[in-house]
Each structure stands twice: as C-alpha cells, then as structure tokens.
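Report on the structure given below.
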2 protein chains.
Amino acid sequence: MLTEERQQIILQQLKIHNIVKLHDLISLTGASASTLRRDLKDLESCHKLLRIHGGAQNVISLHEEPALSQKATINLDGKKAIGKAAANLVQNDEVIFLDSGTTIQFMIPYLIEHKNLLVVTNSVDNASMLADYNIDTFLPGGRLKSATKALVGSTMIQTLESYHFDRAFIGANGFSVDSGCTTPDPEESMIKKLAIEQSNLAFVLSDSSKYCQVSFSKFADLKDITLITSGLSDKELELLNKKTRVMEVN
Amino acid sequence: MLTEERQQIILQQLKIHNIVKLHDLISLTGASASTLRRDLKDLESCHKLLRIHGGAQNVISLHEEPALSQKATINLDGKKAIGKAAANLVQNDEVIFLDSGTTIQFMIPYLIEHKNLLVVTNSVDNASMLADYNIDTFLPGGRLKSATKALVGSTMIQTLESYHFDRAFIGANGFSVDSGCTTPDPEESMIKKLAIEQSNLAFVLSDSSKYCQVSFSKFADLKDITLITSGLSDKELELLNKKTRVMEVN
DNA sequence: TTGATTTTGATCGAATTTGGTTGTAATATA
DNA sequence: TATATTACAACCAAATTCGATCAAAATCAA
C-alpha cells in the first residue's frame with residue numbers, strides 16, 4: 001500500500017467519523033503503528049487533521065461552530081499580529097466594514113491611530129468594543145445570530161446594498177486554493193460576500209490554522225481578495241501567491 | 001474510546017439536556033468515574049461547561065442570573081425585582097421592545113420563561129445578553145453612541161416607525177409628576193418616545209432613586225405609560241397613582 | 001548489478017491515560 | 001440535629017500510546 005493511499009484512507013475515515021483511532025487504522029490499512037504515526041504527523045503538518053492521543057480528529061467539524069469563548073484563545077499572537085497589520089492598512093477619513101469574529105476584533109485597538117474613521121460592522125461584540133475605543137460606529141439592522149453574535153438577514157442585506165466602503169475586513173473559517181474562502185453559516189456567508197462586493201478593497205483575515213480548511217459556505221474566490229495571514233510556510237505562501245495577494249505577518 | 005470522543009459526547013449531552021449527571025455519562029461512555037471527572041475538569045478549565053455536584057451544566061445556565069461586571073450594582077435588589085416583574089408581564093408570542101440601560105437588562109434572564117418571543121432592542125449590550133440566552137433578537141440599524149452603547153439616529157428612527165410592538169420596556173434617568181419621564185440625551189430620548197408610540201403598552205422601569213429627578217430631555221408623560229418601580233413610600237405611590245398606573249414591586 | 005535514498009517495521013524508555021483506592025467534603029435522610 | 005449516603009480530589013499503579021532511533025526492506029538511478 002502506497003503512502004498516498006493510506007493517507008487518503010485516513011482522511012476519508014475522518015470525514016466519516018470525525019475521529020479515528022490508530023488501532024482502527026492499523027487493521028484498516030495493514031500498516032504498522034510507526035508508519036501510521038508518521039502519516040498522521042505529515043497530515044497534521046499540512047493542517048489536514050489534528051492529532052490526539054490515540055488517533056486523530058478533524059481540524060473543525062463542518063457544522064460545528066465553536067463558541068466564542070473557546071475560539072478566542074487559539075493562536076492569540078498570530079491574531080494580534082494580523083489585526084495590527086490589517087489596521088495599519090486603513091487611512092484617515094475612510095469608511096470601513098468590519099466583519100464579525102475574534103480575528104477581526106484584534107484590529108480594533110489599533111484603529112484608534114486613524115482619525116475620522118467610520119466603522120460599519122455586523123458584529124454586536126465588535127460594536128461594543130468599538131464604542132469602548134470611542135470609534136464612530138454604525139450598525140446596519142438585522143437579526144441577531146446567537147452563536148456568533150453577528151447580525152444577518154434580509155434587512156442587513158438591503159442596508160449593505162446601499163452602502164459603499166473603502167475597505168472591508170472579513171474573517172474566514174477556512175481558506176484554500178481550490179475552495180476559496182468559506183464559513184459555516186450561509187447567512188453570514190452572504191453578508192461577507194456582499195461586504196466584499198461593496199468595497200474598493202477587500203481583505204480576508206485568517207491565521208494558518210484555517211489553511212486548507214473548507215467550511216460549508218463559500219463567500220469569495222481567492223483572486224477577489226487580499227489575504228492577511230500568519231504562520232504559513234514558505235511553500236504554502238508560494239502556492240497561494242499564484243492565486244491571490246497574500247500578506248504574511250510576523 | 002478516546003478522550004476526545006468522550007468529551008464530545010459530554011458536550012453533546014449538555015447541548016441537549018443543559019445538564020448531565022456523572023452517572024449517565026458512565027453508562028453512556030463506559031468510562032470510569034475517575035476518567036469522566038477528569039474530562040469534566042478539563043472541559044471546565046476551558047470554559048466549555050460548569051461543574052456541579054454530581055455532574056455538569058452549561059456555562060450559560062439558563063435559569064441563573066448573569067454575573068454583572070459593572071458599577072450596575074447600585075440598588076441591585078430593586079433592579080432585579082423590577083426586571084422580574086416587568087418580564088412577567090410579557091406573554092408568549094409577543095414582539096417586545098427593550099430599551100438600553102442596566103435596569104432593562106435585568107429583565108432578560110426572566111424572559112426565557114416565555115416562548116416564541118421576538119425582542120427588538122437598540123442596545124448593543126442587551127443584544128449580546130439576549131444572544132447568550134438564545135432569545136430571538138432583532139437590532140434596527142443605527143449610529144452607535146459610545147457612552148451608552150445604544151443605537152440612535154435617523155436610520156433607527158425610520159426603522160422603528162415601520163415597526164409595531166406588543167410592549168415596550170423603557171429606562172428612565174428621572175421621573176416626576178410634573179416633568180414626566182426624562183433622560184439626558186435627546187437622541188436617545190427620541191428613540192424612547194418613538195418606541196412608546198409604536199407599542200400597545202409601554203412600561204417605564206425606574207427605581208425610587210430616580211423619583212423627582214428631572215433630566216434634560218422628556219420622552220413621555222406619566223399618563224402615557226405604566227411605571228414599574230421599587231422602593232417608593234406609600235405616600236409617593238398615592239401621589240403617582242393619580243397621574244399614572246404604577247407597579248410597585250417588593 | 002551496485003550503491004544511494006526512501007520507506008517501513010520493531011524496539012525501548014518516556015509520557016499520557018486510565019481505573020481503582022483512600023480520606024474528606026457535600027448532600028440526603030431520618 | 002445526627003447519621004448515612006453519595007460525590008469529591010488526590011494519589012497510585014497498570015496499561016496504553018508516543019517519539020526517537022535503528023536496521024531491514026523496498027525503491028530508484030546509473
């Protein structure tokens with residue numbers, strides 16, 4: 001059995017079961033524990049799975065959005081760096097759109113450097129933080145999604161259609177060369193898509209853990225946005241650079 | 001069974017039942033009590049659940065009061081009682097408006113008793129809390145006021161004009177027989193006024209410390225609203241009762 | 001074929017996980 | 001209230017899994 005075959009089997013099992021045990025893989029492939037450990041190690045290093053004691057699990061299960069508190073602490077330094085870099089792109093007097101999500105939230109402390117900004121956001125949490133920083137903020141109306149505290153729905157869409165932004169900063173649960181930028185919830189996906197359309201320049205902020213992740217709903221092709229990310233390898237960057245503009249921070 | 005599997009089962013059970021007993025988890029996973037205790041400990045330390053004697057419960061346990069961080073501790077018992085009384089007025093299937101302000105916020109934990117509510121609010125903080133309690137919430141668009149984290153402005157007004165509420169619950173910085181209900185900010189005052197107009201029944205929530213206080217901008221005559229208050233003397237109540245309906249709680 | 005490179009499987013000590021035991025604390029019952 | 005029951009944290013020893021290493025096997029190149 002070839003290495004490629006084994007790894008396909010592993011990923012396939014993961015898709016089905018969300019979790020695989022090393023033991024099962026041994027009987028499934030006939031390979032030794034050592035070999036399969038090596039496979040898992042390889043697959044983990046390109047973010048295709050997450051190793052756990054006794055096996056491996058999906059990096060994210062498609063229909064599960066981890067609650068904010070859980071997500072918030074992951075890859076903190078990376079998010080901070082991304083947030084700072086993104087905020088530095090903003091110019092005085094601009095109107096910008098801020099998506100929901102913790103990565104985007106890290107931009108806010110750095111936004112106070114800029115004068116006379118107007119921020120439009122669909123995130124209740126971001127709005128609260130923007131108010132703390134005394135940044136002029138506008139919320140389009142919408143229905144509130146409990147899980148992410150983002151505003152969605154037809155009202156939001158109608159409102160956004162009548163706005164135009166200098167820049168939009170969007171979060172993503174996954175991005176890949178083939179599938180573009182994706183997120184679990186179709187309604188939020190539609191907001192992201194629309195915000196990108198209504199902007200002169202659109203940026204997707206996402207750390208390396210989201211690379212090669214595909215979530216349910218696609219909201220942008222890589223060619224239509226500029227990616228701001230951190231923690232990617234040179235090889236991965238090279239590959240991405242063929243499809244989009246990438247800002248690697250740190 | 002892998003650690004990760006067990007923990008997923010635990011969280012899944014919590015989502016369904018809001019509470020799990022250690023005993024049930026033992027029969028559900030086949031793992032020992034020690035192991036499951038460890039799992040609960042781990043999950044608690046990353047804030048995915050709250051341990052209780054004999055098992056665990058969701059972090060946001062529905063029937064429990066939120067920890068309120070701020071200086072909102074003034075007259076806490078009074079506000080709680082007012083919030084509870086106000087929430088009890090609400091009926092299933094109603095559309096209600098919630099104003100901004102801490103007193104109003106105390107209603108939210110008690111609102112979960114009612115089924116199929118739709119809450120409209122202009123307060124970002126209330127919205128966030130409503131999301132925590134999984135209550136259907138709609139935010140009309142508007143400009144965000146930093147000081148109070150309330151949404152104001154023409155967009156908000158236009159939106160509210162097209163809505164109609166079964167009940168509106170409004171906060172006030174002052175109320176008196178002569179000057180009616182008042183609040184410092186004219187823009188917020190306009191929102192309150194409008195919300196009252198658009199409702200079948202309007203309630204102003206305000207504790208006794210606001211009695212005979214007059215703030216800059218008036219948004220309602222006492223005759224147009226029902227006052228929900230606490231801590232007033234019999235004499236004061238008698239006086240007020242001539243001008244308006246008063247619910248004294250506690 | 002020969003020699004170099006890669007892949008594989010086995011081994012072993014270290015690290016992790018697990019289930020049971022113990023004494024203590026919390027809860028239930030009388 | 002006093003007592004019995006149950007759940008708890010802390011600890012330990014057994015079992016499992018892990019990572020590192022190395023030699024055998026397979027693959028490749030000339």
Please identify which of these residues, B:V120, B:L130, B:L117, meets the side chain to side chain contact (heavy atoms under 4.5 Å, CB included) condition with B:T137.
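The option that passes is B:L130.
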
Measure from [atom1] on [X] to [atom2] on [N] and round the result to the nearest Å.
X: B:E4; N: C:dT16; atom1: CD; atom2: C1'; value: 15 Å
X: A:K21; N: C:dT18; atom1: NZ; atom2: P; value: 11 Å
X: A:D39; N: D:dG19; atom1: CG; atom2: P; value: 13 Å
X: A:I26; N: C:dT8; atom1: CD1; atom2: C1'; value: 13 Å
X: B:L36; N: C:dT17; atom1: CG; atom2: P; value: 15 Å
X: B:D42; N: C:dT18; atom1: CG; atom2: P; value: 10 Å

Taking the basic N atoms (NZ, or NE/NH1/NH2) and the acidic carboxylate oxygens, is any pair closer than 4.0 Å for B:D93 and B:K115?
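A salt bridge is absent here (no side-chain N lies under 4.0 Å from a carboxylate O).
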
Side-chain N or O of [X] less than 4.0 angstrom from OP1 or OP2 on [N]?
X: A:T35; N: C:dG9; value: yes
X: B:S32; N: C:dG19; value: yes
X: B:T3; N: C:dT18; value: yes

Every protein N/O within reach of nucleotides 12-18 of chain D N/O, cut-off under 3.5 Å:
unit_1 : atom_1 : unit_2 : atom_2 : d
D:dT17 : O4'    : A:H53  : NE2    : 3.4
D:dT17 : O3'    : A:G54  : N      : 3.2
D:dC18 : OP1    : A:G54  : N      : 2.7
D:dC18 : OP2    : A:R37  : NH1    : 2.1
D:dC18 : O5'    : A:R37  : NH1    : 3.1

Classify the angle between the aromatic ring planes of B:F175 and B:Y211 as parallel (below 30°), tilted (30 to 60°) or perpendicular (above 60°).
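Rings of B:F175 and B:Y211: tilted, 30 to 60°.
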
A:S146 and B:N134 side chains, donor-acceptor separation under 3.5 Å:
yes

Classify the side-chain pair A:S189/A:S217 by whether it contains a donor and acceptor separated by less than 3.5 Å.
yes

Flag the pair B:N122 / B:L139 as yes when at least one side-chain heavy-atom distance between them is below 4.5 Å, and no otherwise.
no

